Protein chains: 2
Amino acid sequence: MARLAGVSRATVSYVLNNTSAVRISEPTRRRVHAAAKELGYVPHAAARSLRAGHSRMVLMPAPSIPVGPLYSQFISELQWALGRLDYTVVQYGSVGLQGEEAARAWAELRPVAVLVPGTGLGPQGVALLRRSGARAVVTLAPEAVEGAHALLMDHERVGRCAADHLYARGRRRIGVVVPEEAGLEAFSLPRLAGVRRALLGTDATLTELSLAFEEQSAIRLAARWRELGLDSVFAYNDEYAMLLMRALQDEGLRIPEDTAVIGADDLLLGRLLRPRLSTVHIELPSGRDLAELVDRAVREPGAATETHTVLGATVVHRDSS
Amino acid sequence: MARLAGVSRATVSYVLNNTSAVRISEPTRRRVHAAAKELGYVPHAAARSLRAGHSRMVLMPAPSIPVGPLYSQFISELQWALGRLDYTVVQYGSVGLQGEEAARAWAELRPVAVLVPGTGLGPQGVALLRRSGARAVVTLAPEAVEGAHALLMDHERVGRCAADHLYARGRRRIGVVVPEEAGLEAFSLPRLAGVRRALLGTDATLTELSLAFEEQSAIRLAARWRELGLDSVFAYNDEYAMLLMRALQDEGLRIPEDTAVIGADDLLLGRLLRPRLSTVHIELPSGRDLAELVDRAVREPGAATETHTVLGATVVHRDSS
DNA sequence: TTGAAAGCGGTACCAG
DNA sequence: CTGGTACCGCTTTCAA
C-alpha cells in the first residue's frame, strides 16, 4: 500500500501494529498514518492470519430457527465478552450443512475456537476442527463430545422440574407437548425424556401431544381434550403453553382446576394471560463465563477438556398449575 | 499438504478443484483424494481468497438486540437463498462498534458483499467498504445511503397505518408507546414519526408514552392513564401492546371502549389475549429477492445502485380497536 | 531507524 | 498430463 507514502511495507506494518520491538521515528509514523487515512487503507485479515498461522476468530453456527430473548441475550453477552478479550465472533450461516460437512466448512476459515450449540458435531468433526487449527471446540449440548469442552445444557432437567411440580400438586395424567416444527427436537425430546424419567415408577401416566404453533392446531388438540382425560400438561415452553391454554379455555376447560398448565422459559408475556402462567425458569450460562472458558482453552490448548453443567431450571409457580 | 501423497501442490489443487483446463490421470486423482481424506485435509479459505483476490463471503452484522420471529425467518431465508447461489453468509458480532469503525472491521475480512440493517453506516463507510473490494453494499434502512443499494424499510408506514386506522375509527387522543430499551430507536422513532405525519393537520392529538418492557413499568403507565385522557394507543409492537393492554385492563379500563389498542408485527400470541389484539401486519422483503439483488450487484458492480421499497404494512383489525 | 527478503497456503501460468 | 514457480498481502527476522 503506502509505499506511496514513501516507506516500505515493513515500516507500515510496524507503525500500524505499534510493534514494540522496533522504534519508528515520529515523522515517519505520521506520514504512514496520514497515507493510511488518505487511501482508506484497511489491513487484509486473510493475509495477516495466513502469515501468522492463526487468527482470533471464534466461530459459531448461526441459529437456523427463531430463538427466544433468552438465547439472544446469551449470544449478545458472549459476543461482548469475547470482544473484550479481543476475539472476533462470527456466526456462520450453515443452512443445510450437516455434521462433518459443516465442520469442514467451518474449518476452512481456520477459527481459533468453535462454539457449537446442539448435537450434530461428532468426535470426528471435533477432531477435524482441531487438526485444522482450532485450539478450542466447545459444545453446548445435552452430552459431551470426545475431544471438546462441554457446557452441558441438560434440557431433561426442565422436563423433570415441570413433571415433579405437576406430580407434587396431585396431577397424575400428564400431557407433554411436542412441537411439530422442525429443528426443535434438540430441546423438545430431552424435555419429554425428562418428564418420562421423573414419572418413572410413579402412578402417573404420560401422554405425548403433537402441536404446531398455529391456532388451528391448538384448537384441534383442545377439541379432543376431554377424551384424552388429562389433568395437566407441560407445554414445551411458554409460547406453546399460552397457545394451548387459550384453546383449552375457549373449549370451556377451567385452568387450573380441570387442567393444570405449565410452560418453560419464564417469558414476560406468560404473566399476562389469566390465570398467570406457571413456568420453568431457565438459567443459561453467563456469556462472560463462557468467554473465559474459551480464552483459557485457547491459551492452554493441551489441557484436559472441561465439562460443566450449566442449565439451571427452577419452577416458578403462578396460577395455571 | 499432500506433497506427502507424492505429488505437487499444484496437482493437489487441480484435483480437488476439478480444474477442467487440465487433465489428471485417474491413479493420481485417487492418491490425492486418499491422502486428503487420510490427513483430514481442509483447504485454507484465507490462502485461497488471498490468491484469488476475492471471496464469496457475504457479511452482515449480527443483531445486537433480540429479534422477533419475523426477522429471524427473513435471515434464515436469506442465508438459504445466498447459500444456493454459492455464497457464504457470515454474521459479524459487532458489539459496540460504530459506523466507520465497524465498516473498517468488516472490510478487513474483504467480503464480496455487505448487508447492513439499520442506519449507522454513512457514505464514507460505504466508500471504505467498496474500496476494500466489496462489490455490493446493501442497506436495509429507512433511507438510502450514497453508493449503496437500498432496501427501504419504511417504518413510518407502520405508524401511519396504525394512526390512520385509529383515526378512522373515531379516536382523537392517540398515545404512542416509545420503548425505553436501547437499540430500538431505529424502529420506534420512525413509527412515531409516521403517526405524527398521519395526524398532521387533523384534530387529533399525539402523546408519547415511554414504556419499558416490564410489568412494573406498564403498571405505572396504566395508573396515570385516566389523567392522560387518551382514547387509543399505538403500542410500538404486539409485545408492548400485550403488556400495556393487560395493565390497562387490570386498571379497570375497558378495551376497546375506553381505550383502543393496536400493536404491530402480527404475532400469533397477540391473538390469544381477550380482546384479540389489533395489529399492523408487516411484510419483510423475501430472502430470495434480496439474495438475487446481491448476486446481481456482485456480477455487475458498476451498475447503478438500486433502491426498492420493501416494507409492506397493513392493518389487521381484530377486537382491541 | 529503515529496507530487503522469506514465507504462510493456495492458484494459474508455462515449461517439461 | 504433471511439476516448477511466481504471486496474493502481510509479518518478521536479518542486514544495512
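Chain identifiers are assigned alphabetically (A, B, ...) following the order of the sequence lines, protein sequences preceding nucleic acid strands; residue numbering begins at 1 within each chain. This is a predicted model, so every value here is computed, not measured.
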Exercise for the section: Apply salt bridge (Lys or Arg N to Asp or Glu O under 4.0 Å) to B/R104 and B/E101, showing your working. Expected result: CA-CA 5 Å; B/R104 194 183 311 283; B/E101 204 178 355; over 6 Å; no
Practice task
Would you kindly give the CG-to-C1' distance between B/N18 and C/dT11, to the nearest whole Å?
Solution key: 15 Å
Handout entry: Closest-nucleotide 5' rank along DNA chain D - winner of B/R110 and B/T28
Key = B/T28
Practice task
Grab the OH-C1' distance between A/Y41 and D/dT11 for me, whole Å please.
Solution key: 11 Å
Fill in the blank from the handout: A/L50 atom CG is separated from D/dC7 atom P, nearest whole Å, by 17 Å
Practice task
Using a cut-off of strictly less than 4.0 Å, decide whether A/S49 has a side-chain nitrogen or oxygen near OP1 or OP2 of C/dC8.
Solution key: no
Problem - Under 3.5 Å donor-acceptor, B/T305 side chain and B/G147 backbone - result: no
Handout entry: Distance below 4.0 Å between B/T11 side-chain N/O and D/dG3 OP1 or OP2
Key = yes
Exercise for the section: May I have the distance from B/E108 (atom CD) to D/dC8 (atom P), rounded to whole angstrom? Expected result: 21 Å
Exercise for the section: Please work out if B/V15 contacts a base, only the sugar-phosphate, or nothing of the nucleic acid, heavy-atom cut-off 4.0 Å. Expected result: nothing
Handout entry: Nearest-angstrom distance from the residue atom CZ of B/R48 to P of D/dC7
Key = 22 Å
Exercise for the section: Looking at every strand, decide which applies to A/A52 at a 4.0 Å heavy-atom threshold: base, sugar-phosphate, or nothing. Expected result: nothing
Practice task
Identify whether any heavy atom of A/R51 sits under 4.0 Å from a base atom; if not, whether one sits that close to sugar-phosphate; answer base, sugar-phosphate or nothing.
Solution key: base
Practice task
Starting from the C-alpha separation in whole Å, work towards a yes-or-no answer on side chain to side chain contact (heavy atoms under 4.5 Å, CB included) for A/H308 and A/E306.
Solution key: CA-CA 7 Å; A/H308 297 156; A/E306 302 179 26; 2.9 Å; yes
Handout entry: B/R9 backbone acceptor or donor facing B/T11 side chain under 3.5 Å
Key = no
Practice task
Rounded to the nearest angstrom, tell me the gap between atom CG in A/N17 and atom P in D/dT13.
Solution key: 13 Å
Problem - Selection from D/dT13, D/dC10, C/dT11 that lies nearest to any side-chain heavy atom of A/Y14 - result: D/dT13
Exercise for the section: Identify which nucleotide among D/dC1, C/dA4, C/dA12 has an atom closest to any side-chain atom of B/A10, counting heavy atoms from C-beta outward. Expected result: C/dA12
Fill in the blank from the handout: Rounded to whole Å, NE2 of A/H44 lies from C1' of D/dC8 at a distance of 8 Å
Exercise for the section: Examine distances only and state if a side-chain atom of A/R130 and a backbone atom of A/R135 form a donor-acceptor pair shorter than 3.5 Å. Expected result: yes
Problem - Side-chain N or O of A/S25 closer than 4.0 Å to phosphate OP1/OP2 of C/dT2 - result: yes
Problem - Closest nucleotide among C/dG9, D/dG4, D/dC10 to the B/R9 side chain - result: C/dG9
Handout entry: Between C1' of C/dT11 and CD1 of B/I24, the distance in whole Å
Key = 13 Å
